Amino acid sequence: MLKEKQRKHMTETYQPHAIEVKWQQRWDETKLYRAKVDWDKPKHYALTMLPYPSGDLHIGHWFAMTPSDARARWMRMKGYNVLFPMGFDAFGLPAEQAAISRNIHPWKWTYANIERMREQLRSMGAMFDWEREAISCTPEYYKWSEWFFKRFYEHGIAYRGSALVNWSESLQTVLANEQVIDGKDERTGQPVAHKMMEQWFFAITNYADELLDFDGMDWPESIKIMQTNWIGRSEGARATFRTAASASGGDATSNAEGAPNDDAASNAESAYGRAGGSSPTESSGHPIEIYTTRPDTLWGATFMVLAPEHDLVDVITAEEQREAVEAYVRQTALETEIERMVEDRERTGVFTGAYAINPVNDEAIPIWIADYVMITYGTGAIMAVPAHDQRDFEFARAQALPIRVVIQPEGMTEPLRPDAMSEAYDGPGVMVNSDAMDGSVSTFAKGRANPAINRVIDWLEETGKGEEAVNYRLRDWLISRQRYWGGPIPMMYDGDIIIPVPDEDLPVLLPEDVDFMPTGRSPLTYHEPFFKVNETVRRETDTLDTFMCSSWYQLRYLSPDLDTAPFDAEEAAYWLPVDVYTGGAEHAVMHLLYTRFFNKVLRDIGVYADAAEAMRRHGRDPDGAFDEPMIVLRNQGQVLGAERQGDFVLCSGRLIGGKMLAERVEVVDWNQVPAGFAGVFGEIAHRTENVLHVNMAGVTQFVEVLPEAETIISDIPGANNVNQLRHHLDIQRMSKSKGNVVNPDELVAKYGADVVRCYLMFNFDWQKGGPWNENNIKGPQGWLHDIWEIAAAGAPTAPGDAAAERDIERKLHQTIAVINRGLEDFSFNTAIAEQMKFKNSFKATLRDGAIGAEMWRDVMSQVIRLLAPFAPHIAEEIWARLGWEYSVHTQRWPQYDADKAREEMVDLVVMINGKPRETITVAVDIERERAQEMALASGAAQRSLGGQAPKRTIFIPGRNGSDPKVNIVV
RNA sequence: GCCUCCGUAGCUCAGGGGUAGAGCGCUCCCUUGGUAAGGGCGAGGUCAUGAGUUCAAAUCUCAUCGGAGGCUCCA
């Protein structure tokens, strides 16, 4: 009976599906992955970006999550108490679009998707603790998003303000700057327009400086650089120009036509004359503040430019210029961001008829408006220094405005002449034409580090003409959206008065009984029971940007069911901060910047106070623990679609005007072209409907397949048609429209989850990604198969060979070292490759009959534990079959032993003039004298020396695995 | 235009001053009682190009070429 069973066990092949489902259930039942606070154990919070419930799990989710899971499992086996939660970022536009186009309520659509994706996520065999699941669209969750909003409002972080915002016509909502890429909406790729609107903002700019500090954060350099660039800190000065009393007043040159075009005079004492001692009175001049990073060029300002949207445009424009100015303003308003950003476009602008007094030299200069000055950056007004700024230079040339050199280039003996310049000079030099500042040395350095800038800033401050200033490219985070499917903003209005919804009334619930009409407006705006609080009070109908929900989800996982606070302080004290965060780099300046900001606000408004107190009670120092939400960040790359060869076709028909009208198309092998074939043949490079673009020896031939044509594809049985012809597909992103998506469910059905996991980890550099190639799945499949076979064969009965066993032990420990390093560095591919290598050695040694039973069991016990994080199901199954205690996933990770990994004998390499010539087997710890002696005595050395003494002998001791060498220079 | 990363076998990738590596693929052979398979042998690389440093460069430096990503009237 027992014998029978034993035999069955021996011959059973690896059948992934049965064991995977079995163990997933067992893990659930035994709550194997439940993570609980345990102050006696070190904690590890591993977090992977939560998915949007779009309907189906994509292979990209597997690629992002399963390696993260392997690493979390490894940490757990190393003795950490690991939290690895999962949830859904469930508010957002696709649900609302589905509601409109398919008449299904967003709740239903979203929940159905979540149900489905939970099952798919389960099939990964990941160690998610599902009891900690958080879903951002539930009232239990968004109650706290609203609560945070109120706290932000109370602390002046959330405010309602009027600003030029990004309006997406296609989405019918405003968007944050971070969600606009190249002037287009990040989601749909549709152009975005600028609109002046009153909206809710978060004052992320208050934190600009702190967000630039990445101290103590182990984040990819590229992300830190992207965030730094996005914040865009620059140093310089602010100065206030005042409008001249009138264009004709003072000594200013009167020129109603616009600006003078006397280029030759531009380097003269003054282009327009000076206002002289009679500077404009306070009442006569409107202050126009400018920001510049080059205060050392203030004396070179020959005109000013305001953004067309600037408040003062209307005020200062002279009557005779009003028509032209207004026309220009209107035209600019119609332009989208994209049109305005096109490079090399003509520099357009209009003179306002007004002049401004340059505070440094009291000179009157004309004020223009032009679209190259952005209202959203700096003060929306610039002093134009055409000699030293390329944009101003181009504008000056286009509008025939004067140019004055105020930095004499370094190393140039002759004075730089404006009329000889073909571009602005922005290099180092000496200040000239700048009154008392002449002679100051300007370098490439920015801010105060530049001596000239430093001196000018001091002077500006002493004379009260300006001051040192720091400017940021970062704008405040626009948080309101004119959409339905988002968290309600807990605010009400009584006329102009803003009334926060009382805490006890939170959450403001999203009404369900709304009509989804394709009007582009949020259903909330015509849902009276929602927005009408009473006769005078109206509720806010805008909703929260979904990025707000995902800015704090790592906190909700701590206690997803808690209804008295956003998170439990005891849990937070133990688990926070997130130790390792993984996800896509596409969130560099969106989610990853927002969540850092959000966390800092929470810290500053005291949301972490209780958690800090709990930390102290447990003897952990809370200092700095809440400065950053995620300590280590790693981004996975992207799995791309596979390259595909197009079908090779023989087409016959008649040629008309360089195009073939084909009556017959046959798919063949490239080498099966009949001799003397007269038609078109080659690979299908592209196909649109029934027109084939055939690559015939490098030349594209067009073939129109006639409706009645015969199509023969021998691989596809039955009658074929033109739609079955496959065209060439380059490596590119996976997308439904390209038909190159890979469905993980199908892969799991075909190979099993463990094989898919291992394939994803093995075949790509995780942080880089790459093209899909299902052929390569055979590698990991064969590996797991072999492990299974080795286990199924059972322990050998013959006694082992001591030397061979020692060799295997050494290799095993060398392997452990590589796996540890691979997991530590997110180099999952190397960790698996090393295990494959070890398996090969072990298998070969087993075949030689050199492994004894005891050794076999010892090696297997370690091999299976090493395998467990990568292929959790098969590891669990083999572990159980070998009779060991449940579960392999709670076992201790094999301990690396450097002594066991050490080689005893190594090859001493004898090199002659740097070229290896011979090897001698020696002890690892061979000393210099002995090694050199042996090398000089070697045949190779004797031959090349020919009795002469060597010029030089260099000994290189072997270290970490490399062989010792002796280089003999002859 | 600027910034970051990267060019190693047919493919996907390790390595990294000291003998050029892995998996897949490929050739040939064996097995056909693990069979939508197994085993064995093997071929295949000027480490993108050029210069420099060194006893020694795939590795370090510089330049060039090529690729990927990001930023871009940022005053």
Side-chain angles (χ1 to χ4, degrees), chain A residues 10-14 181-182 220-226 228-230 232-234 236 290-294 297 305 340-345 347 370-374 376-385 389-392 394-395 471-474 585-586 588-589 635 637-638 643 759 762-765 767-773 775-783 785-786 788-789 792-793 818 822 827 829-834 836-837 840 843 847 907 909-919 950-958 961-970:
Chain A
M10 303 280 283
T11 54
E12 201 177 316
T13 55
Y14 172 42
I181 293 166
D182 291 340
E221 210 52 40
S222 59
I223 298 285
K224 293 196 271 187
I225 288 165
M226 276 192 257
T228 303
N229 290 343
W230 185 261
R233 180 192 157 99
S234 70
I290 59 111
Y291 169 77
T292 176
T293 54
R294 292 294 306 276
T297 64
V305 185
R340 223 168 137 169
M341 282 196 330
V342 171
E343 275 181 64
D344 304 325
R345 72 194 299 244
R347 295 259 173 237
D371 63 2
Y372 81 92
V373 173
M374 305 289 160
T376 49
Y377 186 80
T379 61
I382 61 159
M383 60 150 182
V385 184
D389 180 283
Q390 186 60 23
R391 293 152 301 172
D392 297 342
E394 287 166 18
F395 190 79
N471 192 54
Y472 301 93
R473 179 185 177 277
L474 182 72
E586 66 274 17
V589 294
N635 301 118
Q638 203 169 29
E643 185 175 17
Y759 166 70
F762 172 67
N763 221 260
F764 301 86
D765 173 340
Q767 298 185 62
K768 207 151 61 177
W772 182 260
N773 182 350
N775 230 3
N776 287 342
I777 209 163
K778 284 183 191 162
Q781 188 183 28
W783 168 50
H785 223 97
D786 275 358
W788 179 272
E789 295 299 333
V818 175
S827 278
N829 49 354
T830 59
I832 289 182
E834 207 61 21
M836 289 177 170
K837 279 197 246 179
N840 288 344
K843 197 171 160 182
R847 200 171 36 240
D907 286 343
V909 181
V910 180
M911 301 166 90
I912 310 295
N913 293 333
K915 300 271 175 279
R917 290 286 179 255
E918 197 172 319
T919 61
K951 250 191 193 163
R952 216 173 144 179
T953 318
I954 299 132
F955 173 69
I956 308 105
S962 81
D963 293 336
K965 286 127 200 139
V966 173
N967 188 16
I968 298 164
V969 185
V970 184

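Quick caveat, the model's predicted, so the values are computed rather than measured. To find a chain, count down the sequence lines: A is the first, B the second, and so on, and within it residues start at 1. What's counted below: heavy atoms across the whole structure, side chains too, no hydrogens, waters or symmetry copies.
The nucleotide G21(B) finds its pairing partner in C13(B), both defining distances of the Watson-Crick or G-U wobble pair being shorter than 3.5 Å.
Among the nucleotides C74(B), A14(B), G39(B), the one closest to the side chain of D786(A) is G39(B). Considering only the side chain of M226(A), G70(B) comes nearest among U4(B), A14(B), G70(B). The side chain of V909(A) has U19(B) as its nearest neighbour among U19(B), G38(B), A14(B).
The nearest pair of heavy atoms linking M383(A) to D392(A) is O-OD2, 3.9 Å.
Y291(A) is linked by a side-chain hydrogen bond (donor to acceptor under 3.5 Å, both in side chains) to S234(A), counting only residues two or more places apart in sequence or in another chain. Not counting sequence neighbours, F762(A) has no partner by the ring pair (Phe, Tyr, Trp, His ring centres under 6.0 Å) test. With sequence neighbours left out, the side chain to side chain contact (heavy atoms under 4.5 Å, CB included) criterion links N229(A) to I225(A).
Using a 4.0 Å cut-off between a side-chain N of Lys or Arg and a carboxylate O of Asp or Glu, E394(A) and R391(A) do not qualify as a salt bridge.
The phosphate of A75(B) (OP1 or OP2) has a side-chain N or O of Y377(A) nearer than 4.0 angstrom. For R233(A) and C74(B), the shortest distance from a side-chain N or O to OP1 or OP2 is not below 4.0 Å.
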Considering only nitrogen or oxygen atoms on both sides, find all protein atoms under 3.5 Å from nucleotides 53-58 of chain B and state each distance.
from   : atom 1 : to      : atom 2 : distance (Å)
C55(B) : OP1    : R952(A) : NH1    : 3.1
C55(B) : O2     : N967(A) : ND2    : 2.2

For nucleotides 5-8 of chain B, which of its nitrogen or oxygen atoms have a protein nitrogen or oxygen under 3.5 Å away, and what is each distance?
none

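Spacing of P atoms, G21(B) relative to A9(B), comes out at 14 Å, to the nearest Å.
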(message) Generate the contact string for nucleotides 23-30 of chain B. Rules: B means base contact, S means sugar-phosphate contact only, - means no protein heavy atom under 4.0 Å.
(response) SSS-----
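Against the 90° criterion about 0, the sugar-base torsion of G21(B) places it in the anti range.
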(request) Start with the C-alpha distance between I954(A) and M911(A), add both sets of side-chain angles, then the distance that settles side-chain contact (heavy atoms from CB on, under 4.5 Å), and finish with yes or no. (result) CA-CA 9 Å; I954(A) 299 132; M911(A) 301 166 90; over 6 Å; no
